[in-house]
Amino acid sequence: MVNEGITDAVENIFKKLTRPILIQGEMVHISASMDIASYADDGANSKKLLLRADQAVRSAKAQGKNNYQYFVQLPYANIPYRAGVIAELRHALINKQFVLQYQPIVDLKTGKVLYAEVLIRIQKADGELVLPSSFIQVAEDSGLIVEIGDWVWREALSFLSSFPLPLQFTLAINVTASQFSSHQHSVANWLDLLKQHQISPESIVIELTERMILMQSDRVLQKIATLQEAGCR
């Protein structure tokens, strides 16, 4: 439900965020995507509200970012769209169209690259790159996220073992609750791949999504604990 008071507040925040900021003599412009879920229409407790807001911000990002989106429950309207995305994901897996990019995180004081974050993309035949905001939610809901996540793990480890990277360099890999809650996902296989590539578990940082924190289960917690005990961070 659209609330005029909330809309006014959000638009005011956007106006302030879009003001340029002077940093070391350079004008920097930033943008944001915002999610809105209302009590009690969208959820009667904080857990459900955060999950609804998470769904809304995915929608905002999919529409080009730098905007806001109210949560809208559409149980049937998106079925053709979702079916198309699932078909595209299967096609990308079969035809090896998934690619990884590595975003460096740099210490501005020293200029040293501290670590890199793994970013997944789909690269179509015409060269177009499809961002994860367009397909990750569907991948999670359909269960394809497990196969995609295993591919990301293999590719990222292959990258780590193929280059003379700086000492204590670490790679951050996003994981989702849907991956770890699935019976098809195996932490043991992940750890075996680390040994095969002769990569220290301490070189891997597991990044947990907001949804993963909210949707904890014994299986998810056990897998996180197993990776921590092995040395992953």
Trp151 and Val138: same hydrophobic cluster, using ILVMFWY side-chain contacts below 4.5 Å?
-> yes

Which atoms form the tightest heavy-atom contact between Glu207 and Ala172, and what is the distance?
-> OE2-CB, 3.5 Å

Just how far is it from atom NZ of Lys112 to atom CZ of Phe169, taken to the nearest 0.5 Å?
-> 11.0 Å

Check against side chain to side chain contact (heavy atoms under 4.5 Å, CB included), Cys232 and Leu194 | CA-CA 10 Å; Cys232 296; Leu194 280 172; 4.2 Å; yes

Apply the test side chain to side chain contact (heavy atoms under 4.5 Å, CB included) to residues Leu227 and Leu191: give CA-CA distance (whole Å), side-chain angles for both, the deciding distance (0.1 Å), then the verdict.
-> CA-CA 8 Å; Leu227 287 168; Leu191 294 177; 3.9 Å; yes

Taking all non-hydrogen atoms of both residues into account, name the closest pair between Thr170 and Glu202 and its distance.
-> CG2-O, 3.6 Å

Tyr102 and Ala156: which non-hydrogen atoms are nearest, and at how many Å?
-> OH-CA, 3.9 Å

Cluster question for you: counting only ILVMFWY and a side-chain heavy-atom cut-off of under 4.5 Å, with indirect links fine, are Phe14 and Ile6 together?
-> yes

State, yes or no, whether a side-chain contact exists between Val130 and Phe135 at a heavy-atom distance under 4.5 Å.
-> yes

CZ of Arg90 to CG of Leu144, rounded to nearest 0.5 Å, is 4.5 Å

In terms of the angle between their ring planes, are Trp190 and His185 parallel, tilted or perpendicular, with boundaries placed at 30° and 60°?
-> perpendicular

Please answer whether the main-chain N or O of Asn189 pairs with a side-chain N or O of Ser186 as donor and acceptor at a distance below 3.5 Å.
-> yes

Any side-chain heavy-atom pair from Met34 and Leu17 closer than 4.5 angstrom?
-> yes

Are the side chains of Met27 and Ile21 in touch, meaning some heavy atoms are under 4.5 Å apart?
-> no

Would you indicate whether Glu147, at its atom CD, is surrounded by more than 12 heavy atoms from other residues, nucleotides or ligands within a distance under 6.0 Å?
-> no

Do Leu108 and Leu22 share a hydrophobic cluster (ILVMFWY, side-chain heavy atoms under 4.5 Å, transitive)?
-> no

Closest non-hydrogen contact found for Val113 with Pro104 is CG1-CB, 4.0 Å

Do Val146 and Ile224 belong to the same hydrophobic cluster, where Ile, Leu, Val, Met, Phe, Trp and Tyr are linked whenever their side-chain heavy atoms lie under 4.5 Å apart, directly or via other members?
-> yes

Gap separating the CG atom of Leu129 from the CZ atom of Arg121, nearest 0.5 angstrom | 7.0 Å

List the steps and the verdict of side chain to side chain contact (heavy atoms under 4.5 Å, CB included) for Ile122 and Leu89.
-> CA-CA 9 Å; Ile122 295 176; Leu89 291 173; 3.9 Å; yes

Taking all non-hydrogen atoms of both residues into account, name the closest pair between Lys15 and Thr18 and its distance.
-> O-OG1, 3.0 Å

Distance (rounded to the nearest 0.5 Å) between Ile136 CD1 and Asp141 CG | 11.0 Å

Is the closest side-chain heavy-atom distance between Val118 and Trp153 below 4.5 Å?
-> no

Which pair of heavy atoms, one from Gln179 and one from Lys223, lies closest together, and at what distance?
-> O-NZ, 4.2 Å

Rounded to the nearest 0.5 Å, how far apart are CD1 of Ile199 and CG of Leu157?
-> 4.5 Å

Do the side chains of Lys16 and Asn12 get nearer than 4.5 Å, heavy atoms only?
-> yes

Is there side-chain contact between Asn174 and Ile120, with heavy atoms separated by less than 4.5 Å?
-> no

May I ask you to decide if Ser178's main-chain N or O and Ser182's side chain share a donor-acceptor pair within less than 3.5 Å?
-> no

For Val175 and Leu208, what are the C-alpha separation, side-chain angles and deciding distance, and is it a side chain to side chain contact (heavy atoms under 4.5 Å, CB included)?
-> CA-CA 6 Å; Val175 298; Leu208 310 179; 3.8 Å; yes

Phe159, Ile148: one ILVMFWY side-chain cluster at the under-4.5 Å cut-off?
-> yes

Say you draw a straight line from NE2 of His197 to OG of Ser162; how long is it, rounded to the nearest 0.5 Å?
-> 8.0 Å

With sequence neighbours left out, what residues match Lys124 under salt bridge (Lys or Arg N to Asp or Glu O under 4.0 Å)?
-> Glu88, Glu128

Is there a side-chain contact between Ile204 and Leu160 (heavy atoms, below 4.5 Å)?
-> yes

Can you find a pair of side-chain heavy atoms, one from Leu171 and one from Tyr115, that are under 4.5 Å apart?
-> no

